[in-house]
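Everything quoted here is computed from the prediction, not taken from an experiment.
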Amino acid sequence: MDMRSLAAEWAYFTGAFVTIFFIVDPFALVPIYLTLTERFSEADQKHVRRKATLIALGMLCAFALTGMSFFELFGVTMPAFRIAGGILLLILGVTQLNAPREKVTNAEESESLARDDVSVFPLATPLLAGPGAISSVILLSTASESPLRRAELLAAIVACFAATYLILKFSPRLFRIMGRTGLNLVSRIMGIVLTAVGVQFVLAGAAEAWKAFQQ
């Protein structure tokens, strides 16, 4: 493999990691995670974040491997899904730019506080593996035209959730250092990139649809 090929593979891996990490946005999750787990012991908190990240990791890896197979059963074409997914990412990005994103409603948070296990709901889904993350993984999987690209996508997902686990682990320290304002600032910066990624997906889908229309 020459240097140009290595650069292309690294660019794909980096782009996949950044896209998924910015959509998951673990920094925005820190205050919610601390609220949901404050009544737990340190051992229980470790169990919760490990279970949540593993479940979310498994979900996204499954969608990365299956790609568009599920949606093709309903006659959804790739250009249509690219445009729809891009619009969804665009909305999420704009939301992050304008205000702190509410990943979970007040009613859901109240229900979660009454639960003994919050790892599956709401942490694993919809907080970590929500519609935006699932859509982006499916879109990225369609660009993984070789086994190497598919392996790179899976590696990017694993790296994303490894980083997410560490952020949740050190969330009390991060919250003390950065505060809610600092975490919101990081989330807004992520929103800029996420918005650009959403626009790129929309443009790619529109170009594919126009090309198919001309044939």
Side-chain angles (χ1 to χ4, degrees), residues 11-38 49 52-53 56-57 59-60 63 82-110 112 118 121-140 143 153 156-206:
Y12 176 83
F13 170 80
T14 304
F17 172 80
V18 169
T19 300
I20 298 168
F21 184 78
F22 281 20
I23 294 172
V24 173
D25 195 3
F27 291 103
L29 183 58
V30 166
I32 303 173
Y33 170 77
L34 292 175
T35 300
L36 295 177
T37 61
E38 63 181 354
R49 63 175 175 264
T53 51
L57 172 64
M59 289 177 60
L60 293 192
F63 279 104
R82 281 187 183 274
I83 295 173
I87 292 174
L88 176 60
L89 298 185
L90 182 60
I91 293 173
L92 291 174
V94 171
T95 303
Q96 284 183 239
L97 286 172
N98 292 333
R101 179 167 39 145
E102 291 187 5
K103 288 192 169 188
V104 60
T105 64
N106 292 331
E108 290 172 335
E109 184 173 346
S110 298
S112 301
V118 298
F121 174 85
L123 286 179
T125 182
L127 295 180
L128 292 176
I134 293 172
S135 298
S136 66
V137 165
I138 293 174
L139 289 171
L140 289 167
L153 176 57
I157 297 173
V158 171
C160 171
F161 281 102
T164 298
Y165 178 85
L166 291 176
I167 290 172
L168 294 181
K169 179 180 179 180
F170 296 106
S171 56
R173 189 177 303 175
L174 284 172
F175 192 76
R176 286 196 300 270
I177 294 173
M178 301 178 66
R180 189 178 295 272
T181 301
L183 293 171
N184 288 340
L185 177 61
V186 173
S187 183
R188 282 181 169 85
I189 294 174
M190 290 181 171
I192 297 173
V193 178
L194 190 56
T195 301
V197 171
V199 171
Q200 186 63 48
F201 278 140
V202 171
L203 292 176

How long is the span from the CG atom in L168 to the OG1 atom in T37, to the nearest 0.5 Å?
8.5 Å
Out of curiosity, L57 CG to Y165 OH, how far, rounded to the nearest 0.5 Å?
13.5 Å
Give the minimum heavy-atom separation between Y12 and L140, together with the two atoms involved.
OH-O, 2.9 Å
Using the side-chain contact (heavy atoms from CB on, under 4.5 Å) criterion, which residues pair with V193? Sequence neighbours excluded.
V18, F22, V197
Any side-chain to backbone donor/acceptor pair from S135 onto G132? Under 3.5 Å, distance only.
no
side-chain contact (heavy atoms from CB on, under 4.5 Å) involving I87 - partner list, sequence neighbours excluded:
I83, I91, V202
F63: ring pair (Phe, Tyr, Trp, His ring centres under 6.0 Å) partners, not counting sequence neighbours:
none
Please list, chain by chain and in numerical order, all residues satisfying ring pair (Phe, Tyr, Trp, His ring centres under 6.0 Å) with F21, sequence neighbours excluded.
F17
Separation of R188 CZ from L194 CG (nearest 0.5 Å)
14.0 Å
Indicate yes or no for a side-chain donor-acceptor contact from Y33 to the backbone of L123 under 3.5 Å, with no hydrogens or angles considered.
no
Nearest heavy atoms of T53 and T164, plus distance in Å:
CG2-CG2, 4.5 Å
Partners meeting side-chain contact (heavy atoms from CB on, under 4.5 Å) with T195 (sequence neighbours left out)
L90, V94, L97
Minimum heavy-atom separation for A124 and A56, please, with both atom names.
O-CB, 3.8 Å
Write down the atom of I167, the atom of P26, and the distance for their closest heavy-atom approach.
CD1-CG, 3.5 Å
Look up atom CG in L60 and atom CD1 in I23, then write down how far apart they are to the nearest 0.5 Å.
9.5 Å
Results of side-chain contact (heavy atoms from CB on, under 4.5 Å) for L34 - residues two or more places apart only
V30, S171, P172, F175
Between atom CE of M190 and atom CG of L185, what is the distance when rounded to the nearest 0.5 Å?
10.5 Å
Beyond-backbone contact of L128 with F161, side-chain heavy atoms, under 4.5 angstrom:
yes
Once you round to the nearest 0.5 Å, how far does CE of M178 lie from CG of N184?
9.5 Å
Which pair of non-hydrogen atoms, one from D25 and one from S187, has the smallest distance, and what is that distance?
OD2-OG, 2.7 Å
Minimum heavy-atom separation for L89 to G198, with atom names?
CB-CA, 3.9 Å
Any side-chain heavy atom of L153 within less than 4.5 Å of one from I20?
yes
